[in-house]
There are 2 protein chains.
Amino acid sequence: MAQVSQSYHHGDLRQTLINTARSRIAEHGVGSLSLRKLAEDAGVSRTAPYHHFKDKSALLSAIAAEGFTQWQQVAREIFDNTELSARQRFRTFIHRYIGFAAGNPELYELMFGRPIWQSNSATDDLKSVAYPCFQFQVEMTRYWQAQGLLPQQQDPLRLAQVTWGTLHGIARLLIDGIYADQSHIDDMCDCAADVFMRGAPHPHE
Amino acid sequence: MAQVSQSYHHGDLRQTLINTARSRIAEHGVGSLSLRKLAEDAGVSRTAPYHHFKDKSALLSAIAAEGFTQWQQVAREIFDNTELSARQRFRTFIHRYIGFAAGNPELYELMFGRPIWQSNSATDDLKSVAYPCFQFQVEMTRYWQAQGLLPQQQDPLRLAQVTWGTLHGIARLLIDGIYADQSHIDDMCDCAADVFMRGAPHPHE
DNA sequence: CTTCATATCTTGACAGTGTCAACATACGCT
DNA sequence: AGCGTATGTTGACACTGTCAAGATATGAAG
């Protein structure tokens with residue numbers, strides 16, 4: 001199926017668009033992304049992308065979806081790593097979450113930004129990968145509650161919203177460059193972990 | 001100083017632009033704001049706004065600045081209300097913060113969105129009103145620590161980043177319509193308050 | 001191999017955007 | 001009265017997303 005670059009049909013335009021868009025976004029931000037330049041970079045005409053994506057928004061959704069699956073893999077990996085104690089995994093999770101956001105700020109902004117989610121403009125593809133990601137957060141919270149790390153009398157859904165909200169908020173404050181800078185990351189994560197696990201028994205970590 | 005609408009000079013174009021922009025944003029979102037339509041609505045030509053704002057971004061900054069002063073007044077009012085116990089004020093603060101965000105989602109998005117803050121594009125006007133707002137958060141945190149509501153061994157700055165991060169994150173999850181909806185607001189706020197004040201003594205609230 | 005539906009890509013066009021340069025008008029001070 | 005300056009205007013440019021109509025290649029059916 002490999003195509004020579006000169007052929008009329010590109011061969012794998014869809015993924016090419018996603019990839020170059022993704023690196024463009026990572027470098028110059030989502031705001032500077034134009035379908036026309038993207039098409040030009042791929043050596044294809046302005047309107048070619050419309051045969052693979054209904055919208056500009058649909059392309060962005062596809063990229064965001066990749067981001068969610070990527071993060072989900074990391075999360076699963078941490079949570080399933082039985083070599084670490086629950087306590088260590090919780091702490092690791094926080095650091096990795098913020099690390100992911102800080103390491104891919106533009107992607108993170110895209111994944112959780114208003115444009116994609118507002119007024120039900122999210123693609124079904126995106127939803128089908130993002131929602132399980134949200135549910136996993138609840139699942140983990142429930143586990144950590146059962147382990148006595150998080151308050152057990154709280155409703156798991158609410159608590160998940162609060163804990164994830166905290167990570168999300170810290171990530172955004174960092175990414176948007178307001179109120180916190182990169183050198184504080186680890187301290188902030190530890191502080192958050194301490195606050196949430198306050199009152200939980202310390203085996204020996 | 002009042003001008004008849006037919007006169008060549010508008011009279012108070014700057015504030016008019018801010019006001020109509022603000023209501024347009026509140027209704028249709030920041031994404032749908034165009035300087036040209038704005039000028040037309042104000043009965044003025046396309047480029048007139050450029051005599052009052054260097055940029056579109058400068059106009060947005062001005063609006064965001066108004067949002068910060070507005071919120072700052074609310075925050076001060078809550079914090080200074082000595083009729084309530086420290087504990088009650090903390091709880092109230094959380095509810096009002098999320099309430100402010102949920103009540104003015106587009107404005108909130110603008111105030112804390114990437115476009116305004118990234119790459120030092122924030123106006124000095126904006127910074128001069130936003131930064132004190134951030135500092136106030138630290139001031140309050142320090143107070144609540146001293147009152148024994150928040151963990152005292154944590155560094156106030158870090159803790160402020162975490163607590164504010166939590167509010168910010170919950171607000172954004174709500175606003176972006178992902179993972180949480182409006183009917184959960186009060187429960188989420190209470191859950192957050194409980195988690196943060198876990199272990200603090202209950203006088204009788 | 002021919003035929004033909006379909007997927008893919010192209011050119012042309014339109015309305016809309018932010019923003020600059022050059023010019024016009026009116027306000028306010030000397 | 002005169003003049004600098006603040007303000008407002010028209011024209012123009014480069015750019016954007018997106019649609020419609022036409023061109024070309026691909027893959028399956030006959």
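In what follows, chains carry the letters A, B, and so on, assigned in the order in which the sequence lines appear, proteins first and then strands, with residues in each chain numbered from 1. The basis for the numbers below is simple: all heavy atoms, side chains too, and nothing from hydrogens, waters or symmetry mates.
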*Would you kindly give the OH-to-C1' distance between A:Y50 and D:dA21, to the nearest whole Å?*
17 Å
*Side chain of B:H52 (C-beta onward), nearest among D:dT7, C:dG18, C:dC9*: D:dT7
*asked:* Can you confirm whether B:Q137 sits close enough to B:L157 that some side-chain heavy atom of one is under 4.5 Å from a side-chain heavy atom of the other?
replied: no
*Taking atom C1' of D:dT18 as reference, at what distance in whole Å does atom NZ of A:K56 sit?*
12 Å
*For residues A:Q161 and A:R158, is any side-chain donor paired with an opposing acceptor at under 3.5 Å?*
yes
*asked:* Among C:dT19, D:dT16, C:dT10, which nucleotide has an atom closest to any side-chain atom of A:H51?
replied: C:dT10
*With sugar-phosphate meaning primed atoms plus P, OP1 and OP2, does A:K54 contact a base, only sugar-phosphate, or nothing at under 4.0 Å between heavy atoms?*
nothing
*Return the value, rounded to whole Å, for the distance between atom CG of A:L13 and atom P of D:dT24.*
19 Å
*Report the C-alpha distance between B:Y108 and B:H168 in whole Å, list the side-chain angles of each, state the deciding distance to 0.1 Å, and finish with yes or no for side-chain contact (heavy atoms from CB on, under 4.5 Å).*
CA-CA 10 Å; B:Y108 190 90; B:H168 185 54; 2.7 Å; yes
_A quick test of your reading: do over 12 heavy atoms of other residues, nucleotides or ligands sit less than 6.0 Å from CD of A:Q153?_
yes
*For A:Y97 and A:W164, test the side chains for any donor-to-acceptor distance below 3.5 angstrom and give the result as yes or no.*
yes
_Please report the distance, rounded to the nearest Å, between CD in A:E40 and C1' in D:dC15._
12 Å
*Between A:L38 (CG) and C:dC9 (P), how many Å, whole number?*
13 Å
*asked:* Nearest heavy atom decides the nucleotide; on that basis, is A:S34 or B:R36 closer to the 5' end of DNA chain D?
replied: B:R36
*Please give, in whole Å, the distance from D:dT16 P to A:D55 CG?*
17 Å
*Polar pair under 3.5 Å, donor/acceptor by atom type, side chain B:R46, base D:dG8*: no
*D:dT18 P sits how many Å from A:L33 CG, rounded?*
12 Å
*Closest to the B:T47 side chain, choosing from C:dT10, D:dT18, D:dT9*: D:dT9
*To the nearest Å, give me how far apart CZ (A:R14) and P (C:dA7) are.*
15 Å
_Regarding A:L59, tell me which of base, sugar-phosphate or nothing describes its non-hydrogen contacts under 4.0 Å with the strands shown._
nothing
_Which residue lies more 5' along DNA chain C, comparing A:S45 with B:S57 via nearest heavy atoms_ = A:S45
